[in-house]
Amino acid sequence: PPQASIEATETLPDEAPLFEADGLINLNDINDEGTTLRIELTSDCAFINRVAFVKVDYDPLTGTSINGQEAENSDAFRSLVQDNLINPNGEVLNIGGRTSRTLLWDISSEDAGFYAPVLMTQPGELITLGSAADNRDHVLLKGDTLCFEDLMSYQNSDWDYNDLTV
């Protein structure tokens with residue numbers, strides 16, 4: 001499968017993991033000067049998809065939420081995600097076909113927190129950690145790479161998880 005990664009500049013402590021076990025990006029340890037994330041995106045799909053992020057509240061005991069609403073696999077939660085999308089550096093990220101793209105995302109200390117990647121497919125589906133319209137897992141964490149499947153099960157998905165890697 002395509003290789004991709006997210007790296008931070010040395011302003012994050014060396015021991016701070018970027019990914020939590022459930023695939024959230026941990027940016028809690030940003031110092032006062034901020035940091036720059038290098039995000040490698042790779043695509044191998046027929047669609048032109050959009051990639052964004054959403055800032056979430058996370059507690060390992062209580063789970064993930066946005067604005068107090070618990071993360072769940074529902075249209076209401078996906079709508080909340082859509083309303084809170086973050087485009088790194090204000091740039092809409094579209095990627096499709098067999099391509100790769102590198103983005104440098106400047107993050108200030110005020111923006112420290114947990115982030116989840118979001119994939120919006122060309123047919124209009126929104127996919128993020130634990131939430132997809134067909135109640136299937138469309139995001140896998142493999143080492144330091146998040147792998148997305150962009151087709152719903154009712155769209156004859158091939159389940160290769162290489163449509164987007166972050």
Side-chain angles (χ1 to χ4, degrees), residues 1 3-42 49-93 95 102-121 125-150 152 161-166:
Q3 297 298 308
S5 64
I6 295 181
E7 300 173 357
T9 60
E10 56 277 291
T11 57
L12 288 178
D14 290 338
E15 67 276 0
L18 279 178
F19 284 110
E20 294 296 311
D22 58 3
L24 291 176
I25 302 166
N26 181 350
L27 299 176
N28 275 311
D29 295 320
I30 297 174
N31 67 28
D32 291 342
E33 296 167 11
T35 193
T36 299
L37 290 182
R38 179 180 166 188
I39 302 171
E40 301 283 340
L41 303 171
T42 303
N49 295 317
R50 178 178 168 203
V51 180
F53 296 85
V54 64
K55 189 172 184 180
V56 298
D57 298 313
Y58 172 73
D59 181 301
L61 299 177
T62 60
T64 305
S65 64
I66 298 174
N67 298 335
Q69 182 176 338
E70 183 178 337
E72 59 186 12
N73 192 11
S74 69
D75 290 337
F77 182 72
R78 284 186 289 281
S79 179
L80 183 63
V81 168
Q82 180 111 21
D83 291 344
N84 287 279
L85 288 177
I86 297 168
N87 296 310
N89 301 330
E91 179 183 352
V92 174
L93 300 173
I95 189 167
T102 300
L103 169 79
L104 298 178
W105 181 12
D106 298 320
I107 307 233
S108 70
S109 60
E110 293 84 30
D111 294 325
F114 292 96
Y115 290 81
V118 180
L119 176 69
M120 286 148 296
T121 69
E125 301 289 350
L126 186 140
I127 300 167
T128 191
L129 300 169
S131 188
D134 63 356
N135 295 316
R136 300 278 305 266
D137 288 328
H138 286 261
V139 185
L140 294 178
L141 178 61
K142 294 181 180 179
D144 66 349
T145 302
L146 287 169
C147 305
F148 285 79
E149 175 55 47
D150 68 350
M152 298 292 119
Y161 293 93
N162 69 347
D163 301 313
L164 173 72
T165 57
V166 178

Checklist entry - Does the side-chain contact (heavy atoms from CB on, under 4.5 Å) test come out yes or no for F148 and V166, once each step is laid out? => result CA-CA 8 Å; F148 285 79; V166 178; 4.1 Å; yes
What distance do [X] atom [atom1] and [Y] atom [atom2] have between them, rounded to the nearest 0.5 Å?
X    : Y    : atom1 : atom2 : result
Q82  : D75  : CD    : CG    : 11.5 Å
T121 : R50  : OG1   : CZ    : 12.0 Å
L146 : L141 : CG    : CG    : 5.5 Å
K142 : T165 : NZ    : OG1   : 10.0 Å
L93  : L119 : CG    : CG    : 11.5 Å
L41  : T102 : CG    : OG1   : 8.0 Å

Checklist entry - Above 12 or not: heavy atoms from other molecules or residues under 6.0 Å from CG of D32? => result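 12 or below, so no.
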Checklist entry - If you draw a 6.0 Å radius around CG in D137, do more than 12 non-hydrogen atoms from other residues or ligands fall strictly inside? => result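 Counting other residues, nucleotides and ligands, CG of D137 stays at 12 neighbours or fewer.
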Checklist entry - Which is it for I127 and V139 under the side-chain contact (heavy atoms from CB on, under 4.5 Å) test, yes or no, and what are the steps along the way? => result CA-CA 8 Å; I127 300 167; V139 185; 3.9 Å; yes
Checklist entry - Is the backbone N or O of P117 less than 3.5 Å from a side-chain atom of T128, with the two atoms forming a donor-acceptor pair by type? => result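 It does hold such a pair.
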Checklist entry - Quick check: does any side chain N or O of N89 sit under 3.5 Å from a backbone N or O of E91, one acting as donor and the other as acceptor? => result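 Pair absent, no side-chain N/O of N89 close to backbone of E91.
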Item to check | Note, I95 side chain near V51 side chain (heavy atom, < 4.5 Å) | outcome: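 Contact flag for I95/V51 side chains = yes.
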Next on the checklist: Is there a side-chain contact between L164 and N49 in this structure, where contact means two heavy atoms from C-beta onward sitting under 4.5 Å apart?
Outcome noted: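 Of all side-chain heavy-atom pairs linking N49 with L164, none is under 4.5 Å.
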Identify the heavy atoms of [X] and [Y] that sit nearest to each other, and give their distance.
X   : Y   : value
G68 : D57 : N-OD2, 4.5 Å
Y58 : P60 : OH-CA, 3.7 Å
L80 : N84 : O-ND2, 2.8 Å

Item to check | Criterion side-chain contact (heavy atoms from CB on, under 4.5 Å) against F114, the qualifying member of V54, N28, T64, I25 | outcome: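 Going through V54, N28, T64, I25 one by one, the side-chain contact (heavy atoms from CB on, under 4.5 Å) with F114 is satisfied by N28 alone.
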Checklist entry - Is it true that the side chains of S65 and E70 contain a donor and an acceptor less than 3.5 Å apart? => result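 No, E70 and S65 have no side-chain donor paired with an acceptor closer than 3.5 Å.
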Item to check | Pair I107-L37, side-chain contact (heavy atoms from CB on, under 4.5 Å): steps then yes or no | outcome: CA-CA 7 Å; I107 307 233; L37 290 182; 4.2 Å; yes
Next on the checklist: If the condition is ring pair (Phe, Tyr, Trp, His ring centres under 6.0 Å), which residues does Y115 pass it with, not counting sequence neighbours?
Outcome noted: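 Y115: ring pair (Phe, Tyr, Trp, His ring centres under 6.0 Å) contacts with W105.
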Checklist entry - Do L27 and K55 pass the side-chain contact (heavy atoms from CB on, under 4.5 Å) test, and can you show the C-alpha distance, the side-chain angles, and the key distance before you say yes or no? => result CA-CA 10 Å; L27 299 176; K55 189 172 184 180; over 6 Å; no
